Trainee: 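I have a structure I would like to understand better, so I am pasting it below and will then ask my questions one at a time.
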2 protein chains.
Amino acid sequence: MGIIFSRQCEYALQAILHLASQPRDSMTSIRELAAKLDIPYHFLAKILQSLATKGILNSQRGPAGGFALSKPPEEINLISVVEAIDGLAISNQCVLGFPECGGSNPCALHHQWGDIREAVQKMLMNKSIAKLSRETRLSRT
Amino acid sequence: MGIIFSRQCEYALQAILHLASQPRDSMTSIRELAAKLDIPYHFLAKILQSLATKGILNSQRGPAGGFALSKPPEEINLISVVEAIDGLAISNQCVLGFPECGGSNPCALHHQWGDIREAVQKMLMNKSIAKLSRETRLSRT
DNA sequence: GTAATTTCAGACAAGATAGTCTGAATATAT
DNA sequence: ATATATTCAGACTATCTTGTCTGAAATTAC
Ligand code: SF4
Ligand code: SF4
């Protein structure tokens, strides 16, 4: 697992970020993505397939086929990607791992963690792929 | 894995929290801790041993033996526990999982994630076990 | 000194996540 | 039609995390 997202989720974000930098009408193959991003081919394949069935990507078979964003990058925010791969545990579960404690009788950490969690969610919701891609291109070669 | 800390780390925090609620000079056995917190006995044993070798807990063998905090709970902050179990990855690694990117040419997420990361660290550093235990006792039964 | 109770140490098993492999289905180009 | 390039589907392996088991070493009580 990555630091906060699963490995799969990290790969998904990286891939989508790359797709956003490509011309909107073109398809990008797994082969190319895997090579550029240095992600295991077949592992990436599964992740992309999963994103396709969830409606985030379009897929096209055959030569010149591949994947592309299903919506303009302005309309895709990070949280929808995270949710598609990792689910919503990050929004609900307890940081300390206490089993029976939804927050009805919150401990000291709950509020402070709540603030942080909110910040994360806001960040993920407000950041569209478009924004992120634009800013990323500025700084990463 | 838990949501942000490993399962081990969650258990460690729970155990330490419980130890902080016990009289300072008494020892608490693994058996008792495992039962009260509903944590697998031998798994907890390893975690406590690990915390003992790292100097966070004292241990005592034989009947009436067990574990106790090595320092008054005011002097133990959460981050030292997290560091002992999970290491410092949370402080250093990239959220997106990009390999070669320590932040020298940061992407758009880096700064925002940086803010959040700082908030987490501040929270973990400022919250002593004593504080947390006190406030926890108020709200949990 | 013997029995009981505990931590300590390390091997082992189970489960989850990550990654690999093979082949079928589909689309394109010649 | 045939060859080629791709996604699609699913079984399989590897690795890491979590959890279990067994027995030794230490301490206390009698
Ligand atoms: S109140 Fe504390 S223990 Fe309960 S869910 Fe919130 S952070 Fe976890
Ligand atoms: S700049 Fe972006 S990609 Fe690089 S370490 Fe920071 S968050 Fe990760």
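This is a predicted model, so every value here is computed, not measured. Chain identifiers are assigned alphabetically (A, B, ...) following the order of the sequence lines, protein sequences preceding nucleic acid strands; residue numbering begins at 1 within each chain.
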Trainee: A/K36 and side chain to side chain contact (heavy atoms under 4.5 Å, CB included): which single residue from A/Q14, A/H18, A/R31 fits?
Mentor: A/H18
Trainee: With a 3.5 Å cut-off and heavy atoms only, can you find an N or O donor on one side and an acceptor on the other between the side chain of A/R61 and the base of C/dT26?
Mentor: no
Trainee: Whole angstrom is fine here: how far is it from NZ in B/K46 over to C1' in C/dG10?
Mentor: 7 Å
Trainee: Provide the closest heavy-atom pair for B/G55 versus B/S70 in the form atom of the first, atom of the second, distance.
Mentor: O-OG, 2.7 Å
Trainee: Please state whether the phosphate of D/dA5, meaning OP1 or OP2, lies under 4.0 angstrom from any side-chain nitrogen or oxygen of A/S29.
Mentor: no
Trainee: Starting at atom CE of A/M27, determine the distance to atom P of D/dA5, rounded to an integer number of angstrom.
Mentor: 18 Å
Trainee: If you take all heavy atoms of B/A15 and B/L37, which pair is closest and at what distance?
Mentor: CA-CD1, 3.6 Å
Trainee: Looking only at non-hydrogen atoms, find the nearest pair between A/D86 and A/C9 and report the distance.
Mentor: OD2-CB, 3.4 Å
Trainee: Map A/P63 and A/H42 onto DNA chain C by nearest heavy atom, then report which one ends up closer to the 5' terminus.
Mentor: A/H42
Trainee: Between B/I47 (CD1) and C/dA9 (C1'), how many Å, whole number?
Mentor: 16 Å
Trainee: Can you name the closest pair of heavy atoms from A/S80 and A/I76 and give their distance?
Mentor: OG-CG2, 3.9 Å
Trainee: Using whole Å, report how far CG of A/N58 lies from C1' of C/dA27.
Mentor: 16 Å
Trainee: For B/G66 and for A/P40, find the nucleotide of DNA chain C with the closest heavy atom, then tell me which residue's nucleotide is more 5'.
Mentor: B/G66
Trainee: Calculate the interatomic distance between A/F67 atom CZ and D/dT6 atom C1'; express it in whole Å.
Mentor: 9 Å
Trainee: Kindly say if B/Q60 contacts the phosphate of D/dT28, meaning a side-chain N or O under 4.0 Å from OP1 or OP2.
Mentor: yes
Trainee: For A/T53 and B/Y11, find the nucleotide of DNA chain D closest to each by heavy atoms; which residue's nucleotide sits nearer the 5' end?
Mentor: A/T53
Trainee: Does a side-chain N or O from A/Y41 land closer than 4.0 Å to OP1 or OP2 of C/dA18, or not?
Mentor: no
Trainee: Send over the distance from A/R7 CZ to D/dC16 C1', rounded to a whole Å.
Mentor: 11 Å
Trainee: Within this structure, what is the CD1-to-P distance between A/I39 and C/dT20, rounded to whole angstrom?
Mentor: 12 Å
Trainee: Could you check A/A64 against A/A52 and say which one's nearest nucleotide on DNA chain D is further toward the 5' end?
Mentor: A/A64
Trainee: Of the listed nucleotides (C/dA9, D/dT18, D/dT7), which one gets closest to any side-chain atom of B/Q49?
Mentor: C/dA9
Trainee: D/dT17, OP1 or OP2 - any side-chain N/O from B/Q8 closer than 4.0 Å?
Mentor: no
Trainee: Checking contacts here: which listed nucleotide (C/dG19, C/dT28, D/dG19) is nearest the side-chain heavy atoms of B/F43?
Mentor: D/dG19
Trainee: Over how many whole Å does the gap from A/I30 atom CD1 to D/dA5 atom C1' extend?
Mentor: 12 Å
